[in-house]
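Residue numbers start from 1 in every chain, and the chains themselves are labelled A, B, ... in the order their sequence lines are given, proteins ahead of strands. These numbers come from the heavy atoms of this one structure, side chains and all, not from hydrogens, waters or symmetry mates.
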There are 2 protein chains.
Amino acid sequence: MKPIDVFKALSNDTRLHILGWLKEPEKHFPAQGAHIPKGVDFAGGVCVGDIQEKAGASQSTVSSYLNMMLKAGLLESYRYGQWTYYRRNEEFIRQFAEYIRTEI
Amino acid sequence: MKPIDVFKALSNDTRLHILGWLKEPEKHFPAQGAHIPKGVDFAGGVCVGDIQEKAGASQSTVSSYLNMMLKAGLLESYRYGQWTYYRRNEEFIRQFAEYIRTEI
DNA sequence: ATTATATATCGAGATTTCGCGATAAGTCAA
DNA sequence: TTGACTTATCGCGAAATCTCGATATATAAT
């Protein structure tokens, strides 16, 4: 974990909102996963387009935001066909919370 | 609490180090508090000059870093005479850790 | 009053981040 | 193969951050 990369990823309103929306994707986004084939489990994943629409920023901005959060460890992604689905990396986020509690 | 201000304050190596050193001031800094009058309790406070020397950055840089962390809530300060002492705001940091655990 | 010390503030150039539109790359449908 | 669609990457000007030296402010000592 590179804490500074995580802090930077969290230092932006839009990115913070995205992370919040992804806590309850079914509540904040239209039904997902139709394109994901049977046998593939990526529950809670939301495609870039839906996140972009909700965020109200440009496609390129949202794409790079998601990539930034992915590299920081906060998100994980799964590509199926032309779609890329993103969801929270809950295990990493738990570790990060523990890092804050004990190291900061 | 303005989480983004806190994340920004933590998005820098030097500031992160300062916050870490202040967890054990007696371990990382020469004896402190000689200038603080009797009856004033600011245990664990370290003056700007000592922090600056340890950080190896310029005086102005360290002063503004400390002010930034103060405004974010991470530090508290006490001025006596020409000295300003800074120490961690443990209560705020606990609240921040709890925010991370429950809201992020 | 003058001088010395500690800290804060100012101004500036270098670097990084922001957020966009344009375009490329990958995938699907016809 | 062509065209449509989704996402990623590129290039850019604007804005923010970084870090410094110079200077101002506040206090203390002589």
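- Rounded to an integer number of Å, the gap from A/Glu53 CD to D/dT6 C1' is 14 Å.
- When every heavy atom of A/Arg15 is checked against every heavy atom of A/Met69, the shortest pair comes out as O-SD, 3.8 Å.
- Per the geometry, CD belonging to B/Gln59 stands 15 Å off P belonging to D/dT23, to the nearest Å.
- A/Phe7 and A/Phe96 have their aromatic ring centers within a separation under 6.0 angstrom.
- Linking Ile, Leu, Val, Met, Phe, Trp and Tyr residues whenever their side-chain heavy atoms come within less than 4.5 Å leaves B/Tyr65 and B/Val46 in two separate clusters.
- Of the candidate nucleotides D/dC20, C/dT7, C/dA22, C/dT7 has the atom nearest to the side chain of B/Thr84.
- Closest to the side chain of B/Ser63, from the set D/dT19, C/dG19, C/dT9, is C/dT9.
- Relative ring orientation between B/Trp21 and B/Phe29 is described as perpendicular, the plane-to-plane angle rising above 60° on a 0-90° scale split at 30° and 60°.
- For B/Ser58 and D/dC20, the shortest distance from a side-chain N or O to OP1 or OP2 is below 4.0 Å.
- Atom CG in B/Asp5 sits roughly 13 Å away from atom C1' in D/dA16 (whole-Å rounding).
- Comparing A/Gly81 and A/Thr14, the nucleotide of DNA chain C nearest to each residue sits closer to the 5' end for A/Thr14.
- The side chain of B/Tyr86 approaches C/dA8 more closely than any other nucleotide in the set C/dA8, D/dT7, D/dA28.
- The side chain of B/Gln82 sits closest to D/dA28 out of D/dA28, D/dT7, C/dG26.
- Cation-pi geometry between B/Arg79 and B/Tyr85 is not satisfied (NZ or CZ under 6.0 Å from the ring centre, within 45° of the ring normal).
- Atoms OH (B/Tyr65) and P (C/dT7) sit 18 Å apart, rounded to a whole Å.
- Separating the CD1 atom of A/Ile4 from the P atom of C/dT17 is a distance of 11 Å, rounded to the nearest angstrom.
- Residue A/Asn67 contributes atom CG, which lies 17 Å from atom P of C/dA25 at whole-angstrom precision.
- Among the nucleotides D/dA8, C/dT9, C/dG21, the one closest to the side chain of A/Ser60 is C/dG21.
- Rounded to whole Å, the distance from CE on B/Met68 to C1' on D/dA16 is 11 Å.
- The CZ-P distance, from B/Arg79 to C/dA8, rounds to 6 Å in whole Å.
- Within the nucleic acid shown, B/Asn12 comes within 4.0 Å of sugar-phosphate atoms alone, with no base atom in reach, counting heavy atoms only.
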